[in-house]
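So the structure is just underneath, and the comments pick up after that.
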Protein chains: 2
Amino acid sequence: MIELYDKDKIVNILKGYSIRVTPNRLKVAEIILNSEVHPSIDEIHTILTKSGKNISFTSVYNIIKMFQSAGIVKEIKSKDRSRYDANLKPHSHFICKNCGRVFDVDMEITNSNFPTSINGMSVDSLEVTYYGLCSECNNDNKDN
Amino acid sequence: MIELYDKDKIVNILKGYSIRVTPNRLKVAEIILNSEVHPSIDEIHTILTKSGKNISFTSVYNIIKMFQSAGIVKEIKSKDRSRYDANLKPHSHFICKNCGRVFDVDMEITNSNFPTSINGMSVDSLEVTYYGLCSECNNDNKDN
DNA sequence: GTATCTGCAAATGTTTTGCACTCCA
DNA sequence: TGGAGTGCAAAACATTTGCAGATAC
């Protein structure tokens, strides 16, 4: 994992969203901002717990939902559970049908010129999602 | 609701997928094939129950999952639950952030020229989803 | 001190499974 | 009579909430 955001940057990001900085929020922000495979709430909790950082599932939940409201992260509905994506530059997603992990894909369809209204429905965002097997699950398949 | 598929057509569709025709399967297929707002399993069950057609939730579940395996319907992960779309011509979806209902949108991005491989991941489908408020929820908002 | 933050434990709601019963070839 | 179809009741999960105690400003 490439550490794109260090503690100082994360503190500034949270402050930029008027979110008070707490140790728990830093922990969660660090994971979500630096993760390539957008983790679920459960996975964030597991990652932190395994690395000795104590936090409850509920707190991860509260923090992620707060980040979501603030606009720091976006919810991605994957195979079985929601995953969360730090929402910085426009991009698409690849969802693995087997493991459910979500990978970023460079945006190929411009996000700027989608219709703002379709049949009386007001459109505020557009998502492009690719589905298939990730490289890891592809290899697992070959082994069988 | 425009009745696009009558019983005979549905029987043929099921047979085309080598699915044995039973009264329950006909009921579910009729709903899912002729629905504009792609219903959830629960909604299909409710629609049938309210119209006096007896079927259990489990059977709707079994049938939808069988249709999904066969390729008749596709799962759409909406707001809180999965919805199911009879998968006939390529199109996009509009998901209402408020009520979670899913509406069809004429495909604007061609489904044919997406990459078959991205960074070792094999791509087999592409979905374009618009998010916003449907016309009904738009109106509800105005009333407040 | 008081509002915020945290987290246990329980509730909720959807999805899934186990198993027994029914039905028809 | 046996395999497929059905459905009740319960399990399995992810998600969400209530509430009480801890923390920080």
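In what follows, chains carry the letters A, B, and so on, assigned in the order in which the sequence lines appear, proteins first and then strands, with residues in each chain numbered from 1.
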d([atom1], [X]; [atom2], [N]) in whole Å:
X	N	atom1	atom2	answer
B:Met66	C:dT16	CE	P	16 Å
A:Ile44	D:dT15	CD1	C1'	14 Å
A:Lys65	C:dG7	NZ	P	19 Å
B:Ile63	D:dT6	CD1	C1'	8 Å
B:His45	D:dC8	NE2	P	8 Å
B:Asn24	C:dC23	CG	C1'	12 Å
B:Lys53	D:dG7	NZ	P	14 Å
A:Leu48	C:dG7	CG	C1'	15 Å

Does [N] have OP1 or OP2 under 4.0 Å away from a side-chain N or O of [X]?
X	N	result
A:Thr58	D:dT16	no
B:Asn62	C:dT17	no
B:Tyr61	C:dT15	no
B:Ser82	C:dT14	no
A:Thr22	D:dA24	no

**Item:** Side chain of B:Arg81 - closest among D:dT15, C:dT14, D:dG7
**Value:** C:dT14
**Message:** Taking the minimum atom-to-atom distance to the side chain of A:Arg20, which one of C:dT16, C:dT4, D:dT6 wins?
**Reply:** C:dT4
**Prompt:** How would you label the contact of A:Ile41 with the nucleic acid (heavy atoms, under 4.0 Å): base, sugar-phosphate, or nothing?
**Reply:** nothing
**Request:** Using heavy atoms to find the nearest nucleotide of DNA chain C for A:Ser56 and B:Asp42 separately, return the residue whose nucleotide is more 5′.
**Result:** A:Ser56
**Message:** Nearest 0.5 angstrom please: A:Ile32 CD1 to A:Lys27 NZ, how far?
**Reply:** 16.0 Å
**Request:** Working to the nearest 0.5 Å, report the span between OG1 of B:Thr49 and CD1 of B:Ile44.
**Result:** 11.5 Å
**Request:** In sequence, state the C-alpha distance, the side-chain angles, and the governing distance for A:Arg83 and A:Glu75, and then conclude on salt bridge (charged side-chain N to carboxylate O under 4.0 Å, His left out).
**Result:** CA-CA 6 Å; A:Arg83 291 169 168 275; A:Glu75 189 176 8; over 6 Å; no
**Request:** Would you check if the side chain of A:Lys79 reaches a backbone N or O of A:Asn98 as a donor-acceptor pair within less than 3.5 Å?
**Result:** yes
**Request:** Between B:Arg25 and B:Phe57, just flag the one whose closest nucleotide in DNA chain D comes earlier from the 5' side.
**Result:** B:Arg25
**Asked** Looking at B:Tyr130 and B:Ser92, what are the two nearest heavy atoms and their distance?
**Response** CE1-CB, 3.9 Å
